[in-house]
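Report on one structure; see the data block that follows.
Chain letters run A, B, ... following the sequence lines, proteins first and then strands; every chain starts at 1.
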Number of protein chains: 2
Amino acid sequence: MTARPGSWQAIEAEVLRRIHARDWPPGSAIPNEADLAQSFGVARATVNRALQSLAEAGILDRRRKAGTRVALHPVRRATLRIPILRHEVEAAGQPYACRLLARDEAPAPEVVTQALRLPSDAPLLHLRALHLAGGAPHALEERWVNAAAVPAILSAPLDTISANEWLVANAPFTSGDFSIAAANATTDEAAALACQPGAALVEVLRTTWDGARPITWVRLLHAPGYRMRMAL
Amino acid sequence: MTARPGSWQAIEAEVLRRIHARDWPPGSAIPNEADLAQSFGVARATVNRALQSLAEAGILDRRRKAGTRVALHPVRRATLRIPILRHEVEAAGQPYACRLLARDEAPAPEVVTQALRLPSDAPLLHLRALHLAGGAPHALEERWVNAAAVPAILSAPLDTISANEWLVANAPFTSGDFSIAAANATTDEAAALACQPGAALVEVLRTTWDGARPITWVRLLHAPGYRMRMAL
DNA sequence: AGGGTTATTATGTGCAGACATAATATCCCA
DNA sequence: TGGGATATTATGTCTGCACATAATAACCCT
């Protein structure tokens, strides 16, 4: 648990302790790296490593010449791990299955083409799939894939492997958006997810990009009772 | 945009490019640091910095002796910034207000005491507040604070400053849980949030700890239309 | 006093070398 | 052949040094 004395982790922990104990209250400047290094009896690089780690976590604000100060509003960040749905289900100890409900190349709604910044007549592959956990509906997936960016998807065995998983393995992306909201189940959605119409569902919207090329747009509707957990 | 040649960021970018270009496909081992350092013409420490950064991002798996390999399932992580509600509202360009609806020291429900791992008769301060954005309801906050851990809260001016903000400034925490779900508005909640009963609402549950001491439990119910955004 | 140039300073980062550590591979002996 | 001691190897990290960079402070000249 406790780091070896003199290690950058030990320095980090001690700095954190002082911040926490209000020795260095929020907004205050802390000694410079050289001084800290001397007082801790380590090299400046070691102090630098510790402080950079804390700065990356948002605990410290560092600016050249201005020095290092304790963040005034430690903007807490929660990191959400986004696993492949199959892994998520299996990690919960339940058998996973996926049923492809629809697959066509109809024109996409404006919402989708605009989110992907594509012309409204762009050729997109439309997929609808139901993810099952232990036989019960887990999530309803509505997806549009930019066929121009990922032509191989047109011949992928999407009845065997979920588009979710196929894309992760075959269409790397460099950036994306991710948003969460709540939605009342429509009658169609309720039928697919075996719940009451109007039930509150977690809705996840995601778009992914490979550089400037849009890859895919997904809307994931989770069955009632679903909860996304993350650590602070 | 492009990093200076020879910098660790440049190494990182090049490694990422090779992974991305499938020169080093998922699951494969990449050359060791010494070899990479030589081929890039930089010091091993520089390569190390680059690879550590990628490992922290989940792109690489590194193990002593075993070497470095491209992560098989690059578990994507989205980082969610959790601002103080006031800041969130003001950042959207709307005036913020907070109304304290209730403040008492009634015994807490089992759900709360269990989540905080406290005896069911522990003295907890109960608060209910409505956060407003531009006059319209933004979120309904239901909070229980461990008075034993943060005695100063009992004399805090919670009609002036939201408990949310007061705690961030006065009760640092070391760890916590954070989870998101969807809930149908009850009639009471609908009345407070000025929406229809049954409307789908984003529900955020949060508990925070200072080491082993529980600090607070919060349930935040966002008004309809709320959407949490994050970058991948 | 004002405004632009220059010095100062704290962080950012690179290098070479060294040792620590963990995980694996190998060897040796019963 | 099995199993435990030992060697090997790749990453982890510390040190001391150097220079780069950005931001601020100081200065100077008009």
Side-chain angles (χ1 to χ4, degrees), chain A residues 1-16 18-19 23-72 74-75, chain B residues 1-16 18-19 23-72 74-75:
Chain A
M1 188 69 201
T2 54
R4 182 175 55 79
S7 69
W8 70 265
Q9 289 97 335
I11 307 294
E12 179 183 35
E14 172 59 15
V15 170
L16 207 49
R18 293 191 189 175
I19 293 172
D23 289 349
W24 294 333
S28 68
I30 77 174
N32 67 39
E33 293 186 350
D35 290 351
L36 284 175
Q38 183 156 22
S39 73
F40 284 130
V42 299
R44 185 170 78 91
T46 307
V47 172
N48 184 280
R49 182 91 166 80
L51 298 189
Q52 286 219 1
S53 170
L54 289 169
E56 201 169 334
I59 310 288
L60 294 177
D61 280 337
R62 319 193 73 200
R63 270 163 54 222
R64 281 169 157 147
K65 163 74 182 178
T68 302
R69 45 186 63 240
V70 181
L72 210 44
V75 176
Chain B
M1 186 70 198
T2 54
R4 181 175 55 80
S7 69
W8 69 265
Q9 289 97 334
I11 307 294
E12 179 183 33
E14 172 59 16
V15 169
L16 206 50
R18 292 191 189 175
I19 293 172
D23 288 347
W24 294 333
S28 68
I30 76 175
N32 68 38
E33 293 186 351
D35 291 351
L36 284 175
Q38 184 155 22
S39 74
F40 284 131
V42 300
R44 185 170 78 90
T46 307
V47 172
N48 183 280
R49 183 94 163 79
L51 298 189
Q52 286 220 3
S53 170
L54 290 169
E56 202 169 334
I59 311 287
L60 294 177
D61 279 337
R62 319 194 72 199
R63 270 165 52 223
R64 279 168 160 149
K65 164 76 182 176
T68 302
R69 45 186 62 242
V70 181
L72 210 44
V75 177

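One atom, CD1 of B:Ile30, and another, P of D:dA10, lie 13 Å apart when rounded to the nearest Å. Rounded to a whole Å, the CD1 atom of B:Ile11 is 14 Å from the P atom of C:dT13. Atom CD in A:Gln38 sits roughly 15 Å away from atom C1' in D:dT15 (whole-Å rounding). Per the geometry, CZ belonging to A:Arg4 stands 7 Å off C1' belonging to C:dA20, to the nearest Å. To the nearest angstrom, C1' of D:dG16 lies 15 Å from CD of A:Glu33. Between the C1' atom of D:dC14 and the CH2 atom of A:Trp8 lies a distance of 13 Å, rounded to the nearest Å.
Looking only at side-chain heavy atoms (C-beta outward), B:Val70 and B:Leu60 come within less than 4.5 Å of each other. Between B:Val15 and B:Val47 there is no side-chain heavy-atom pair separated by less than 4.5 Å. By the 4.5 Å heavy-atom criterion applied to side chains, A:Arg62 and A:Gln52 are counted as neighbours. A heavy-atom distance below 4.5 Å is found between the side chains of A:Ile30 and A:Leu51.
Checking the phosphate oxygens (OP1, OP2) of D:dG12, a side-chain nitrogen or oxygen of B:Asn48 falls inside 4.0 Å. Side-chain N/O atoms of B:Thr68 include none lying less than 4.0 angstrom from OP1 or OP2 on D:dA10. The phosphate of D:dT13 (OP1 or OP2) has a side-chain N or O of A:Gln9 nearer than 4.0 angstrom.
Considering every non-hydrogen atom in both B:Gln9 and B:Ala3, the closest pair reads CB-CB, 3.6 Å. In plain terms, the two heavy atoms of A:Gly58 and A:Ala71 that are nearest each other are O-CB, 3.4 Å. The nearest pair of heavy atoms linking B:Ala10 to B:Gly6 is CB-N, 4.1 Å.
Across all strands, A:Arg69 comes closer than 4.0 Å to no nucleic acid atom at all (heavy-atom distances). Here A:Arg44 lies in heavy-atom contact (under 4.0 Å) with a base.
Against DNA chain C, the stretch residues 49-67 of chain A makes heavy-atom approaches under 4.0 Å through A:Gln52, A:Arg62, A:Arg63, A:Arg64, A:Lys65, A:Gly67.
Set against D:dG16, D:dT13, C:dA10, the side chain of A:Ala43 has D:dG16 as its closest nucleotide.
Where B:Ala45 and A:Pro31 each meet DNA chain C at their nearest nucleotide, the meeting point lying more 5' is that of A:Pro31.
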